[in-house]
Each structure stands twice: as structure tokens, then as C-alpha cells.
Amino acid sequence: MKSKKIKLHVLNIVKRVFIILLISIILISLFMLHPQFGKRPSGARLENIKKSTQFKDGKFQNTRNTPQVTKSLGIALYEFFFKKDKDIKPSNNIPSKTIDWEEIHKQENSLVWLGHSSYFMHIDGKNILVDPVLSGSASPIPGGVQSFKGSDIITSEELPKIDYLFISHDHYDHMDYKTLKILQSKIDKVIVGLGVGAHLESWGYTTNQIIEADWWDEINLADGFKVTITPARHFSGRSIWTANTLWVSFVLQTPQHNLYLGGDSGYDTHFKEIGNKLGPFDLAILENGQYDLGWKYIHMMPEEVIQATKDLKANILFPVHSSKFVLANHSWYEPLDRVSTAALKEKQAITTPMIGEIVNLKSIKTEPNYWWKQ
């Protein structure tokens, strides 16, 4: 009798666990239907992707083998959640400036950093925006990966009309659904890697707005502007499907400037190849932050950022990908500290504006101002 009761009790527990799992699966499945997750490439877009030399075995590939983590996933998750630096977030509002739009348009060529990898440029009469994440979050989960206090200096509604929007890849800290939905009516052309247009079309962008391209494709825009889609060493994905869109960097040639607009990338030989083919550059904008030895092949260490700058034959380095979100375990100010130290040691010109500060591209301050030490 007692044995029968125990079996019934165990059976009831199993039933409850099953019901909880079933409900969880249903809720997650419904959540994944949200448009923020985008769409997988299909039809003619997918057939075009299959022609790319980077697309093999149903996924985009890096030039060389690129493991996403160099340690077990369990150890990586444990370190991320339980071994965070005590200064992983600023204790006070991060220093920033209110954007003076009148001053921007007075200057012939200017740049304004919006935090992390988002920045606005006014160059040779064109308004250019790169990897905008202006919603206050870099995560699809409500309340996840919130921006630092003081770093949100502008909303999508406040931005002017944009001639060219560049998106390096489809990760949430570079391609923000809320931001891009609001911006759609303000965008003339958006330049992306292969497959990324599927997300944009599902969010209301028209085929006339989207320019999708492969590594080394050249695109003549207008009025002396030309962009070359260049390689990066990273990965992509917005849901359970990964590497079905292409991650890229850009070389932007304008009537007066030759610029390298880097997305996320681990260090590799592609920087030297780009420098040899398309350099030298007036300015290289490179990721510097959210790194860890555990994923060293997909994000650079600050010292590698300096080497990449030299490989590119860039006169001045502008390091981004920091100072807005927590995506790694280092202190929030460490990336800028380390890259500035390395730049001085290697005699590499560097500019480190605070968020919202206007940078005159014709007279860039080429030494660190250490605003993060305030």
C-alpha cells in the first residue's frame, strides 16, 4: 500500500514537471514569434547567399576556423554570471555631452559617438549612421542588458534624415529592432551584409532602401561616395539559427576621406589584407571592449586593436564598443585605459571622445583625454 502511494506521488510530480515544461515551451515559442527576432533568409535571397564563397554547409564561415569560446560553455557561463569585476558598471552617470546639431551642420565633416558601436557622421553633405542602438537595451529580453545611466543622449526620433545607414551584423547590440523601426521613414539607403535584408524587410523596410552585399563587393553610392564591403572575424544570429547572415566591416570613401568602419571582429590577417588593398585610412573605427580570453577569436583585446590599426595603415584610431552596455566581465573603463596605454606605447595616434562630443574630422585630437577617469 505504501509502495503504491509512493509511486502515485512520483507520478504526480512527473506530471507536474511535464506540464511546467510544456507551458514553458509554449510560452517561449510564442515569445520567439515577436518581430524583433527578424526573419531567416529565404527564396531569391537565400539562393543568392548560396553563391557566396563564405557560405558553406548551410552557414556563413570565417576565413579561418573561429571557435566562439576557447573554454567549456559551463565555465564561460559561470565566469560571466559569478566572476564579474566590481566596477563592471559606472557608479555614477557616465560623462556625456548633449548633441549640438547646429554645430554639427556648421562643420564640414564631423563625427559624434552615441556609445557602444553607434555613431553619427556628417561628411561631405551626407548624414551617415552606423549600428544604432538607441532604445536603452541591447537584449531581446525585457529589462536585459540595460544601457549605463547618462549614455542615452539621444532618441531615434531626434535624429535627422539619414542618407546612409550601415549595419555591420545582426546581433542585438548592433541591430536594434526598436531603433530601426522608428528610423525606417528617415533612411534613404541601408548597407548590410548578405541576408540581413530579410530582417529589415520584415520590419517594414523596402527593397529600394536595402543594399545587401558580400565581402569585397564595391558599391558606388552617389556624389563621390563609394563603399567596399570588407571581411570581419565574428559570427551572427538573432535566435536559435546562427550564421545565416553575413558579418562585415566597411571601407567608406568620400570626396575628402577614406574611412574604415569596423564591426565586431577578432584579430586576424584580414586587417592587413584590407590595409594593403584599400588603405591607408584617415581614420579606423574599431571595436575595443566586451572582450575576454574565453572568446578571443571573435573580439579583440585592446593591444590587438592597436596592431589591427597598424595593419590597416590607419593614421588615427577611434575605439568603440564600450561605455554603454555590460557584455563582458571587465570593468567598464578598462577597454579605454588599456587601448590608450597601448597606443602611447606604440606611438599610435588615437582619439577618445566622450559620448555626444563633436569630433571635427579635419582636426582630430590625437591623444587620449581620459574622460573616463572623471
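Fair warning: this is a prediction, and the values are worked out from it, not measured in the lab.
In the hydrophobic cluster analysis, where Ile, Leu, Val, Met, Phe, Trp and Tyr join through side-chain heavy atoms closer than 4.5 angstrom, L312 is grouped apart from M301. V339 and Y333 fall within the same hydrophobic cluster, defined by Ile, Leu, Val, Met, Phe, Trp and Tyr side-chain heavy atoms under 4.5 Å apart, directly or through other members. Under the 4.5 Å side-chain contact rule for hydrophobic residues, I191 and L278 share a cluster. A continuous path of hydrophobic side-chain contacts links I211 to V130 [ILVMFWY only; heavy atoms under 4.5 Å].
Taken from NZ in K310 to CZ in F271, the straight-line distance is 15.0 Å, to the nearest 0.5 Å. Atom CG of residue N93 and atom NZ of residue K149 lie 7.0 Å apart, to the nearest 0.5 angstrom. In this structure, OH in Y291 is found 14.0 Å from CG in D264, a value given to the nearest 0.5 Å.
Residue T66 comes nearest to Y297 through the heavy atom pair CG2-O, 3.6 Å, listed as atom of the first residue, atom of the second, then distance. The minimum heavy-atom distance between A343 and I350, with the atom names listed, is CB-CG2, 3.9 Å. Of all non-hydrogen atoms in V133 and H174, the two that sit nearest each other are CG2-N, 3.7 Å. Between A314 and A284, the closest heavy-atom pair is CB-CB, 3.5 Å. Between Q68 and W295, the shortest heavy-atom distance links the atoms O-CB, 3.1 Å. For the residue pair D163 and D188, the shortest heavy atom distance occurs at O-CB, 3.3 Å.
For the side-chain contact (heavy atoms from CB on, under 4.5 Å) with I99, the qualifying choice from I104, I358, I355, L159 is I104, the only one to do so. When each of V196, L183, I210 is tested with V190 by the rule side-chain contact (heavy atoms from CB on, under 4.5 Å), just one qualifies, namely I210. With S265 as reference, H270 is the one residue of H270, R233, H234 to meet the side-chain hydrogen bond (donor to acceptor under 3.5 Å, both in side chains) rule. Looking at T63, T228, T53 one by one, the single match for side-chain contact (heavy atoms from CB on, under 4.5 Å) with W215 turns out to be T63.
Sparse packing is recorded around CD of E102, with 12 or fewer heavy atoms of other residues, nucleotides or ligands lying under 6.0 Å away. Around NZ of K59, the count of heavy atoms belonging to other residues, nucleotides or ligands within 6.0 Å exceeds 12. Within 6.0 Å of the CD atom in Q256, the count of heavy atoms belonging to other residues, nucleotides or ligands exceeds 12. Atom CZ of F148 is surrounded by more than 12 heavy atoms from other residues, nucleotides or ligands within 6.0 Å. Heavy atoms from other residues, nucleotides or ligands lying under 6.0 Å from NZ of K178 number 12 at most. Counting non-hydrogen atoms of neighbouring residues, nucleotides and ligands closer than 6.0 angstrom, the NZ atom of K89 reaches no more than 12 such neighbours. Other residues, nucleotides and ligands contribute at most 12 non-hydrogen atoms within 6.0 Å of the NZ atom of K365.
Between F235 and H171, the ring center distance clears the sub-6.0 Å criterion. Between F120 and W101, the ring centre distance stays below 6.0 Å.
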Residue pair R338, E303: steps toward the salt bridge (Lys or Arg N to Asp or Glu O under 4.0 Å) verdict: CA-CA 7 Å; R338 281 180 62 175; E303 295 74 20; 2.6 Å; yes
From CA spacing to verdict: salt bridge (Lys or Arg N to Asp or Glu O under 4.0 Å), K181, D176: CA-CA 9 Å; K181 280 289 289 182; D176 180 47; over 6 Å; no
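Stacking of K97 on the aromatic ring of W113 is not recorded, the 6.0 Å distance cut-off and the 45° axial limit not both being met.
Note: W332 and W371 have tilted aromatic rings, judged against thresholds of 30 and 60 degrees for the angle between ring planes.
Side-chain N/O atoms of H116 and D173 include a donor and acceptor closer than 3.5 Å. Between the side chains of S52 and D214, at least one donor-acceptor pair of N or O atoms lies under 3.5 Å.
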Atom pairs and distances, side-chain donor-acceptor, residues 197-205, under 3.5 Å, sequence neighbours left out:
| unit_1 | atom_1 | unit_2 | atom_2 | d |
| --- | --- | --- | --- | --- |
| H199 | ND1 | K39 | N | 3.1 |
| H199 | ND1 | K39 | O | 3.4 |
| H199 | NE2 | D170 | OD2 | 3.0 |
| E201 | OE2 | R45 | NH2 | 3.1 |
| S202 | OG | H199 | O | 2.6 |
| W203 | NE1 | P35 | O | 2.6 |
| Y205 | OH | L180 | O | 2.6 |

